[in-house]
Number of protein chains: 4
Amino acid sequence: MARNKGAKGQESRARLLAAAAEQFAGLGFYETKISSIVAQAGLTQPSFYLYFESKEAVFEELVGHFRSRLRELVASSRLESGLQPGEVNARVLGVLETLFRFFTEDPHLTRIGLFQAPQAGSIKAELAALIRDNLLEEQRSGYFRSTLDMDVVAQCFIGTLERLTFAYLSEGAGNPEQLAAQVVELFMRGMLPEK
Amino acid sequence: MARNKGAKGQESRARLLAAAAEQFAGLGFYETKISSIVAQAGLTQPSFYLYFESKEAVFEELVGHFRSRLRELVASSRLESGLQPGEVNARVLGVLETLFRFFTEDPHLTRIGLFQAPQAGSIKAELAALIRDNLLEEQRSGYFRSTLDMDVVAQCFIGTLERLTFAYLSEGAGNPEQLAAQVVELFMRGMLPEK
Amino acid sequence: MARNKGAKGQESRARLLAAAAEQFAGLGFYETKISSIVAQAGLTQPSFYLYFESKEAVFEELVGHFRSRLRELVASSRLESGLQPGEVNARVLGVLETLFRFFTEDPHLTRIGLFQAPQAGSIKAELAALIRDNLLEEQRSGYFRSTLDMDVVAQCFIGTLERLTFAYLSEGAGNPEQLAAQVVELFMRGMLPEK
Amino acid sequence: MARNKGAKGQESRARLLAAAAEQFAGLGFYETKISSIVAQAGLTQPSFYLYFESKEAVFEELVGHFRSRLRELVASSRLESGLQPGEVNARVLGVLETLFRFFTEDPHLTRIGLFQAPQAGSIKAELAALIRDNLLEEQRSGYFRSTLDMDVVAQCFIGTLERLTFAYLSEGAGNPEQLAAQVVELFMRGMLPEK
DNA sequence: CATGAATGAGTGTTCATTCAT
DNA sequence: GATGAATGAACACTCATTCAT
């Protein structure tokens, strides 16, 4: 009941997953009915259970995808130590761009992971912790003002990312790079140490 | 159907509303059952319909409360013109404190209005627009850097407020004034004009 | 709980009864709600139970009224024996007119008694039996063709009366006398003995 | 939602429809419960909704059946012109027999269509209109007395048919042909032109 | 690999009726 | 004589899930 092998089966499974993602994102968990998922995927209800254990299970699978890909992303953008002071700006810009791009890339998944999932809170908390750790390391290296509570700053970043993603990117307005630049402009003067 | 007069009736209605707010906030709309709302309120199911048209109706009433109180709050915190340059900081600080306090004051309602409601998006959009208008006026008066896109800035504020509220305040950690101060410290240097 | 005496009480009871008759006639038993009856009567629900035992009870009271008044009517129109052959026509005409008038007089009650009541069938059967008895006596007296099955004829009269009442009279079209005349014209040639 | 294809499905649907017809006819719309319909059909409640949209929908389907079959019947019994005067009697007899037979054929449906349905009034009105049109054509051809108001006559036929159907046929007493003959004997002398 | 048919369990809602005042 | 408030009992309907094929 976990992974069906044949080519046609994988195709069906993928269609179901895509339909589920779209509907969960648009309607939320409860307003999304198995009947409408399978309809969109061109299958019947029992087929659904050929590929997934339950409605909860698909939802969890989607949330899981989102969460683990997000984790990888942030992990891989860990600061290499030995950063030059002049590069801090670019570094933060890069991280923001990467996150904006990630959120824009699969909007259904993003919407599910950041809004629809009951775990949305803990996902954001986890993300915040990762970002905070990055920031703390940089702060210790003297790149950032020592008076800042990096816990708070990380939360501000998350909130900002989240809001801008939904206000602009999911509406198809603006683009990741431009938004990231504006955020950097807004935040950095408050973060860099006084000259 | 929403105007029962006697004192006892108003009491019952209030109990139902409070129970509904608590459960909606904690469990969401769908996992909240009328049966458990009335149980918490010490009544039976039919009584619920003495005071509310439907499950949707109570939910909407709560969201409506939140939305309109939020509206009033922001409207009443419009900037009086004739602000001294030195006061800008304090002004923004004040607005942030007010909003933090408002969000903390009735956590159930806040959770419903900002997360559980399908209209959460439009509520935040509305709030963003109001804040943006405030900011724009101040920008025109020269209090803020002219290169800033106040639309984006407003969204950053909303995201930040929202995130901090849920990360700290609803956990009972931190306090509105302290958080507001940190946000001001973080944002202001990026917002005030260069000397 | 049966008969409240005071003037005001009688007034209230009458208003309830009238409202009930109107609504039962128009909407039927099930679509008529106690709440709407009392609303129309300008009272509250508990007041209803001051005057009637139950919803069924009011309905029965109305049906009972109809049934007993109809009974009296037919009973009182029994043929005096010693009728002259030439008067038969006028006699039947008179009975029809009387019944048409009765049905038109209180349309709500008529609609309830002939259509809405579960006993409608037995009411019509009873009426048919009474009419049949009248007809039989006249047949025995030689006023009517001896080949006619007066049981059937009576049913034809009932059906005709009922249909014409609802097609014309309750629409405010036509009048009892004229309709009665037409029925007599249609039926009598088939009923009177061949010359 | 009304087109399930397999043989087993059609069987179930038919059983539900039959059970519904029987219970609606016997108990009326409101006293008939979905639970008892499905019980009689040997199914469970959700299965009902596999075949019908709602309780109202089955009822309407039954009424619709009745109405359209009745329409066809009357339409197909339109008078061929070129009728011989001597055949008028037989013609009317034939129509009456046909209608009596139709009403007797599916007693549940008849009871629903003529009594239980809120549209019963309009169904009878429609039937009356169709019969009146037939009669009018014959009247124009000189087969019937020109003084008769065929609108009224048609209503008399309907009432008579209805009453006799329920008084005799649904009790299993009498038979269509015999009743039709008696009606013809009663009405025709009043309808045929004076010699 | 897929489907037609069926179901268990649950939930919102309605309404006649009553209690206490 | 009347009412505000409350309730018991029921019922239609939904939906995720599962057999049997």
Side-chain angles (χ1 to χ4, degrees), chain A residues 4-13 30-38 42-58, chain B residues 4-13 30 32-38 42-57, chain C residues 4-13 30-38 42-58, chain D residues 4-13 30 32-38 42-57:
Chain A
N4 295 54
K5 275 309 198 53
K8 201 171 173 197
Q10 295 218 337
E11 243 288 308
S12 292
R13 186 177 209 280
Y30 295 93
E31 285 301 319
T32 295
K33 319 292 178 185
I34 301 280
S35 60
S36 66
I37 293 177
V38 298
L43 289 170
T44 57
Q45 307 214 24
S47 298
F48 177 91
Y49 293 90
L50 231 50
Y51 301 107
F52 306 99
E53 284 231 323
S54 66
K55 189 185 177 184
E56 276 78 13
V58 222
Chain B
N4 292 57
K5 281 312 183 62
K8 200 173 175 201
Q10 295 212 338
E11 245 290 309
S12 294
R13 187 176 206 279
Y30 297 93
T32 296
K33 316 295 177 187
I34 301 279
S35 58
S36 67
I37 293 178
V38 297
L43 290 170
T44 56
Q45 300 219 27
S47 297
F48 177 89
Y49 294 91
L50 224 53
Y51 301 105
F52 306 99
E53 284 234 324
S54 65
K55 188 182 174 186
E56 276 79 11
Chain C
N4 296 55
K5 276 310 198 56
K8 202 172 175 196
Q10 296 219 337
E11 242 291 306
S12 293
R13 188 176 207 279
Y30 295 93
E31 286 301 320
T32 296
K33 320 292 178 185
I34 300 281
S35 59
S36 65
I37 292 177
V38 297
L43 289 170
T44 57
Q45 307 212 24
S47 297
F48 176 91
Y49 294 89
L50 231 52
Y51 300 106
F52 305 99
E53 283 231 323
S54 67
K55 189 185 176 186
E56 277 78 13
V58 220
Chain D
N4 292 57
K5 280 311 180 68
K8 200 173 173 200
Q10 295 211 338
E11 244 291 309
S12 294
R13 187 176 206 280
Y30 297 92
T32 295
K33 316 294 178 186
I34 300 281
S35 58
S36 67
I37 292 177
V38 297
L43 290 169
T44 56
Q45 300 218 27
S47 296
F48 177 89
Y49 294 91
L50 224 53
Y51 301 104
F52 305 99
E53 285 234 323
S54 65
K55 188 183 172 183
E56 276 79 11

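A quick note: this is a predicted structure, and the numbers were derived from the prediction, not measured.
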Drop me the distance from [X]'s [atom1] to [Y]'s [atom2], to the nearest 0.5 angstrom.
| X | Y | atom1 | atom2 | value |
| --- | --- | --- | --- | --- |
| C:Phe52 | C:Ile34 | CZ | CD1 | 9.5 Å |
| B:Leu50 | B:Thr44 | CG | OG1 | 9.0 Å |
| C:Lys55 | C:Tyr30 | NZ | OH | 8.0 Å |

I need the [atom1]-[atom2] distance between [X] and [N], as an integer number of Å.
| X | N | atom1 | atom2 | result |
| --- | --- | --- | --- | --- |
| A:Gln10 | E:dC1 | CD | P | 9 Å |
| B:Lys8 | E:dA20 | NZ | C1' | 8 Å |
| B:Tyr30 | F:dC15 | OH | P | 10 Å |
| A:Arg13 | E:dA2 | CZ | P | 13 Å |
| D:Leu50 | E:dA6 | CG | P | 7 Å |
| D:Phe48 | E:dG8 | CZ | P | 18 Å |
| C:Glu56 | E:dA16 | CD | C1' | 9 Å |
| D:Leu43 | E:dG8 | CG | P | 11 Å |

Inset, instruction - Check every strand shown and say whether B:Ser36 touches a base, only sugar-phosphate, or nothing at a heavy-atom separation below 4.0 Å. - result: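 If one applies the 4.0 Å heavy-atom cut-off, B:Ser36 turns out to touch nothing in the nucleic acid.
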Legend entry - Phosphate contact (F:dA2 OP1 or OP2) by C:Tyr51 side-chain N/O below 4.0 Å: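 C:Tyr51 to F:dA2 OP1/OP2: side-chain N or O found under 4.0 Å.
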Legend entry - Side-chain N or O of D:Tyr49 closer than 4.0 Å to phosphate OP1/OP2 of F:dT14: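 No, no such contact exists.
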Inset, instruction - Give me the bend of the helix from E:dA2-F:dT21 to E:dT21-F:dA2, using the axes of the five pairs at each end, rounded to 10°. - result: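 Axis angle across the helix from E:dA2-F:dT21 to E:dT21-F:dA2, nearest 10°: 30°.
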Legend entry - Contacts of type side-chain contact (heavy atoms from CB on, under 4.5 Å), residue A:Thr32, not counting sequence neighbours: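 A:Thr32: side-chain contact (heavy atoms from CB on, under 4.5 Å) contacts with A:Gln23, A:Phe24, A:Leu27, A:Ile37.
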Inset, instruction - Would you mind telling me which residue lines up with the more 5' stretch of DNA chain F, C:Ser12 or A:Lys33, judged by nearest nucleotide? - result: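 It is C:Ser12 whose nearest nucleotide is closer to the 5' end.
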Legend entry - First of B:Gly42 and C:Thr44 reached from the 5' end of DNA chain F, by closest nucleotide: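 With B:Gly42 and C:Thr44 compared, the 5'-side residue is C:Thr44.
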Minimum-distance nucleotide to [X] side chain [options: [options]]:
| X | options | answer |
| --- | --- | --- |
| D:Lys55 | E:dG12, F:dT18, F:dA12 | F:dA12 |
| D:Gln45 | F:dA2, F:dA12, F:dC15 | F:dA12 |
| A:Pro46 | F:dC19, F:dC13, F:dA6 | F:dC19 |

Legend entry - D:Ser47 vs C:Ile34, nearer the 5' end of DNA chain E by closest nucleotide: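 Nearer the 5' end of the strand: D:Ser47.
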Legend entry - Shortest non-hydrogen contact between A:Tyr51 and A:Gly9, atoms and distance: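 That closest heavy-atom pairing would be OH-CA, 3.3 Å.
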Legend entry - Minimal non-hydrogen separation, D:Leu43 against D:Ser47, with atom names: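 Taking D:Leu43 first and D:Ser47 second, the nearest heavy atoms are CB-CB, 4.1 Å.
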